[in-house]
A.B. asks: 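The structure under discussion is supplied below as structure tokens; questions concerning it will follow.
Order of the sequence lines sets the chain letters (A, B, ...), proteins ahead of strands, with each chain counted from 1. We use all heavy atoms of the structure for the numbers below, so side chains are in, but hydrogens, waters and symmetry mates are not. Since this is a predicted model, take the numbers as computed values, not measurements.
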Amino acid sequence: MTSVEIAGVGLHPFGRFDGVSVTDMGVTAVKAALAEAAIPRGGFQAAFCGTAYAGVAAGHKVLGALALTGMPIVNVEAGCASGGAALQLAMGAIQAGQYESVLVFGMEKMPKGIIRSTFFEPWREQAGLAVTPAYFALRAQRLMRESGITKNDLADLVVKNRRHGVNNPDAMFRKEVSAQEVLNSRLVCDPLHLFMLCSPNEGAAAVVLRRAPADGSARVTLASAVLRSHLPGSVLGEATPLSGIDDSFIPPPSTLAAKAAFEEAGVGPDDLDIVECQDTDAARELLAWEELGLCASGDQARILADGDAAIGGRRPVNVSGGLLSKGEPLGASALGQVVELVRQLRGEAGIRQVAGARVGLAHTVGRGANACVTIIKA
Amino acid sequence: MHTPVHEGLFTVDPPALLGALCGECEHHCFPRLAHCPYCGCENVDPVTLSDHGTLWGWTEVTTAPPGYEGVVPFGFGIVELPEGLRIVTRLTSPTATYEYGMAMRLQIVDLGDGVVTWEFTPETERGV
Ligand SMILES: [Zn+2]
């Protein structure tokens, strides 16, 4: 199989940027990634752009602003996994021999507050059955019931990610919080308090992929980029149906994506040095650990207590600060994780560098349902 | 005058949810669909679902979400029907004393201006 190199990455910080358009942010990330890859004008043959809220031809606007159009530009919507979906398409096209180099980028400018989604029919909003954080809360409650997680564990997860975020200049929140502060923050939907939920926000990320040189000189390669949707059944899955059945034996989309990604990359959970995963809310990250096969159900509290998932620990998770520190610009989210992993695997992560990181995994899951898992190797 | 928030989901008198039963995989579903959501077959028969079940999940919505003009706070959760179907539903507020597995019963709730939808409430609090 053709090996795919990650030749350059770029980022527009995640946060709130009044007066900066979603196109401006895309331009910043794309320019940075192309410069890093040292790609000349016309040096990539296709572009895939992930976004959920940026509207029609969002990717065309970004490349149009740089006079870089002419090649196919495909805009991809896959909810929180939009960037991962774009990455999967780009990787497959290079492996199939269709293109030599492909630009992948994603960006978003989200409204403040609870995300309003065209996914829900108007009657469902009217009836109060379209409340995204309430779904998160029910999922958190179930995880607490079935995996023995406590509200204090949820708070400790937030403390971990916010501590990591202090060292990420591209994150929105760079101030540590204590478990007590998390538990004292406003109760949004029990058991979730405000500090346990990530903020939808703004940002962009870009990645340049190319067929890896035959001489093995690629520093970082994309070992797998897998997108999966849900199987029917789970009432609390990201597909957010109106009903469901016993889902004990129905693998969630994150598990489907992880299994395929591990197989394609020829590695397993124990080979990972660093992980970036979906922490839309504190419980979501702890559930992701199970779904990705990083730990057994019920082991999360011990892992948190031992510091295994914190920087300096056995396998740090969300060293970037995660979405809880960075915020979540949907289309940029998955590619932002990839940017972080690439910097880590190159040893360029500065103060938050995970020593000797060679294999990393990125995971996002959201509306659709869509889940993507990306594995990157140095 | 009662106007259902959406047609075809429930009846008001008596309160009942309108579902379907698949003749192939034998799963119930809600709402009623032309194809079974679990196996995709067209062999689905309309049924009236049980008007009671057990509480499987609950929380309370304290801030009005986008597109919602009714009262807050309101309860939100999942009730598992005897058919094995887990229904996403409003719950009567407050939910502070709710417990996993408690018996719940279906009722109709007014969202304002005569627009009604379904909700579940604890059996013990059942009407006068
Ligand atoms: Zn069926």
A.B. asks: In terms of heavy-atom pairs under 4.5 Å with chain A, which of Leu85(B), Thr117(B), Val109(B) leads?
C.D. replies: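 The option with the most such pairs is Leu85(B).
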A.B. asks: Quick one: which of Val116(B), Thr95(B), Ile87(B) has the most heavy-atom pairs under 4.5 Å with chain A, could you say?
C.D. replies: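 When all of Val116(B), Thr95(B), Ile87(B) are compared, Ile87(B) has the most.
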A.B. asks: Which atoms of Arg145(A) are under 4.5 Å from chain B, going by heavy atoms: the side chain, the backbone, both sets, or neither?
C.D. replies: side chain
A.B. asks: Residue by residue, scan residues 69-77 of chain B and write down, ordered by number, those that have a heavy-atom distance under 4.5 Å to chain A; if none do, write 'none'.
C.D. replies: Phe74(B), Phe76(B), Gly77(B)
A.B. asks: How far does CD of Glu42(B) sit from CD of Glu24(B), to the nearest 0.5 angstrom?
C.D. replies: 10.5 Å
A.B. asks: Yes or no on salt bridge (charged side-chain N to carboxylate O under 4.0 Å, His left out) for Glu238(A) and Arg367(A), after CA distance, side-chain angles and deciding distance?
C.D. replies: CA-CA 5 Å; Glu238(A) 276 81 4; Arg367(A) 195 87 69 206; over 6 Å; no
A.B. asks: Would you call Lys259(A)-Glu291(A) a salt bridge at under 4.0 Å N-O?
C.D. replies: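 Salt bridge absent between Lys259(A) and Glu291(A).
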A.B. asks: Given that the side chain runs from C-beta out, which part of Phe120(A) has a heavy atom under 4.5 Å from chain B: side chain, backbone, both or neither?
C.D. replies: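 Contact with chain B is absent: no heavy atom of Phe120(A) under 4.5 Å.
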A.B. asks: With a 4.5 Å cut-off on heavy-atom pairs, point out which of Glu60(B), Arg90(B), Glu80(B), His6(B) contacts chain A the most.
C.D. replies: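 Looking at each option in turn, the highest pair count goes to His6(B).
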A.B. asks: Could you please spell out the steps behind the ring pair (Phe, Tyr, Trp, His ring centres under 6.0 Å) verdict for Trp118(B) and Phe30(B)?
C.D. replies: CA-CA 13 Å; Trp118(B) 78 91; Phe30(B) 172 77; 5.3 Å; yes
A.B. asks: Counting only heavy atoms closer than 4.5 Å, note whether Leu187(A) contacts chain B via side chain, backbone, both or neither.
C.D. replies: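 Backbone of Leu187(A) only, per the 4.5 Å heavy-atom cut-off to chain B.
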A.B. asks: Salt-bridge test for Lys151(A) and Asp190(A): reply yes if a basic N is under 4.0 Å from a carboxylate O, no otherwise.
C.D. replies: yes
A.B. asks: Sequence neighbours left out, what passes ring-ring contact (aromatic ring centres under 6.0 Å, His included) with His193(A)? Give chain and number order.
C.D. replies: none
